[in-house]
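Only heavy atoms go into these numbers, but all of them, side chains included; no hydrogens, no water, no symmetry mates. As the structure lists them, so they are numbered: ligands from 1, and atoms in each ligand from 1.
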Amino acid sequence: MTQADLIWFNGELVAHEDAKVHVLTHALHYGTGVFEGVRAYETANGPAVFRHLDHIDRLFKSAELYWMEIPYSKAEIRAATHEVIARNGMKSCYIRPLVFRGAGPMGLYPIDCPVEVCIAVWEWGSYLGDEGKANGVRAKVSSWRRIGHDALIPAAKATGQYLNSVLAKVEAEKAGYEEGILLDQRGMVCEGTGENLFVIRDGVIATPGYSSSILGGINRLSAIQIGKDLGYEVLERDIARGELYLADEIFMTGTAAELTPIREIDDHPVGTGEPGEITRVVQREFEDALHGRSERYAEWLDPVPAPAPAP
Ligand SMILES: Cc1ncc(COP(=O)(O)O)c(C=O)c1O
């Protein structure tokens with residue numbers, strides 16, 4: 001992971017080492033931040049941000065759900081993202097917009113703390129590795145349940161909520177697996193620590209819906225669309241844990257992990273133990289869409305304008 005030189009912070013580009021916050025930043029104490037994970041890909045027409053407006057919409061929705069008014073418009077956040085990519089000379093990158101409550105009155109009532117915004121970019125290969133993307137990863141059902149609707153807002157991408165994912169991720173890695181799968185409060189399958197999940201059996205693709213406490217993944221929507229466009233039946237429905245062991249194929253989607261197959265779950269091989277045919281076909285289409293090789297999904301890419309020449 002290579003950090004870029006410049007970070008967009010509260011309206012201006014600052015050097016990486018100068019993008020600092022106070023130790024009494026509210027979000028450090030209480031997790032009062034919301035964020036996005038976005039990627040830009042190198043295409044024949046230069047870098048382009050995948051489903052940029054969908055990520056910006058989700059960022060604003062998450063902020064509103066936690067009572068944060070972002071002091072910039074969606075158009076300004078989009079332009080700032082373009083600027084930080086172009087000014088850092090990134091061809092492709094991971095993009096991390098973060099909106100957080102800054103230093104102000106302490107205590108749990110956050111409304112009088114300022115809302116601050118930064119957008120950082122860095123070079124980041126596939127989160128679960130190229131080998132994982134090609135041959136699949138080993139996953140384990142976590143002992144930790146995904147946060148429920150009656151405690152937090154699973155559909156919001158809020159910083160504090162990620163302690164749940166951290167517990168499951170550390171548990172999985174310490175036990176020798178690459179990813180943890182969380183069940184929801186009812187014991188139905190929910191998602192990975194940073195990815196949505198798809199289960200394929202007898203040619204039908206299924207993925208848990210909002211009633212299973214998922215984060216509504218943007219890549220999840222893309223995989224659903226691609227699956228349907230390829231002529232597969234794609235169902236959003238509850239998935240029982242036992243179905244993971246009966247599945248012919250399982251894959252995960254997320255901005256960081258892109259589309260990564262699961263080859264083993266709780267030490268049982270998934271299907272043949274190698275990524276299956278449907279996973280491969282959906283993954284190929286998805287990769288083409290990400291990298292601007294697909295006309296059908298060209299509208300999912302937001303090209304980064306070249307930076308204005310220096311005066
Ligand atoms: C908990 C969780 N679920 C699912 C996802 C997948 O969402 P997306 O496809 O929008 O990256 C992510 C990543 O953002 C995540 O952190």
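- Comparing Gly194, Ala257, Ser222 against atom 5 (C) of ligand 1, the shortest heavy-atom distance belongs to Gly194.
- For Gly216, no nitrogen or oxygen atom sits less than 3.5 Å from a nitrogen or oxygen atom of ligand 1, counting backbone and side chain alike.
- Interatomic distance, CG of Leu183 versus OG of Ser212, reported as 10.0 Å (0.5 Å rounding).
- Proximity of Lys157 to ligand 1, defined as any heavy-atom pair under 4.0 Å, is confined to the side chain (atoms from C-beta onward).
- Remark: ligand 1 and Glu191 share an N or O pair separated by less than 3.5 Å (distance only, no angle test).
- Atom numbering of ligand 1 starts at 1 in the shown order; those under 4.0 Å from a heavy atom of Gly254 are 6 (C), 9 (O), 11 (O).
- Judged by the shortest distance from any of its heavy atoms, Glu36 lies outside the 4.0 Å radius around the atoms of ligand 1.
- Between Phe198 and Phe251, the ring planes lie parallel to each other; the angle is under 30°, not in the 30° to 60° tilted range.
- Atom 7 (O) of ligand 1 has as its closest protein heavy atom Gly217 CA, 3.4 Å.
- In this structure, Arg138 is positioned above the aromatic face of Tyr177, its NZ or CZ under 6.0 Å from the six-membered ring centre and within 45° of the axis.
- Scanning Leu259, Asn164, Leu221, Asn196 for the heavy atom closest to atom 6 (C) of ligand 1 points to Asn196.
- Taking the six-membered ring for Trp and thresholds of 30 and 60 degrees, Trp300 and Tyr297 have nearly parallel ring planes, at less than 30 degrees apart.
- Cluster membership for Met90 and Phe50, using ILVMFWY side-chain heavy atoms within less than 4.5 angstrom, is not shared.
- Within the structure, the closest approach of Thr193 to ligand 1 falls below 4.0 Å when heavy atoms are considered.
- Among residue pairs with one or both ends in residues 269-281, none qualify as salt bridge (Lys or Arg N to Asp or Glu O under 4.0 Å); sequence neighbours excluded.
- Polar contact with ligand 1: present for Thr255 (N/O pair, distance under 3.5 Å).
- Between Arg58 and Leu215, the closest side-chain pair of non-hydrogen atoms falls below 4.5 Å.
- Nearest to atom 9 (O) of ligand 1 among the protein's heavy atoms is Asn219 ND2, 2.7 Å.
- Taking any N or O of Arg146, backbone or side chain, none lies under 3.5 Å from an N or O belonging to ligand 1.
- Taking CD1 of Ile265 as the reference point, atom CG of Leu197 lies at 7.0 Å (rounded to 0.5 Å).
- Protein heavy atom nearest atom 16 (O) of ligand 1, with residue, atom name and distance: Tyr162 OH, 2.4 Å.
- Distance CZ/Arg78 to CD1/Ile119: 12.5 Å, rounded to 0.5 Å.
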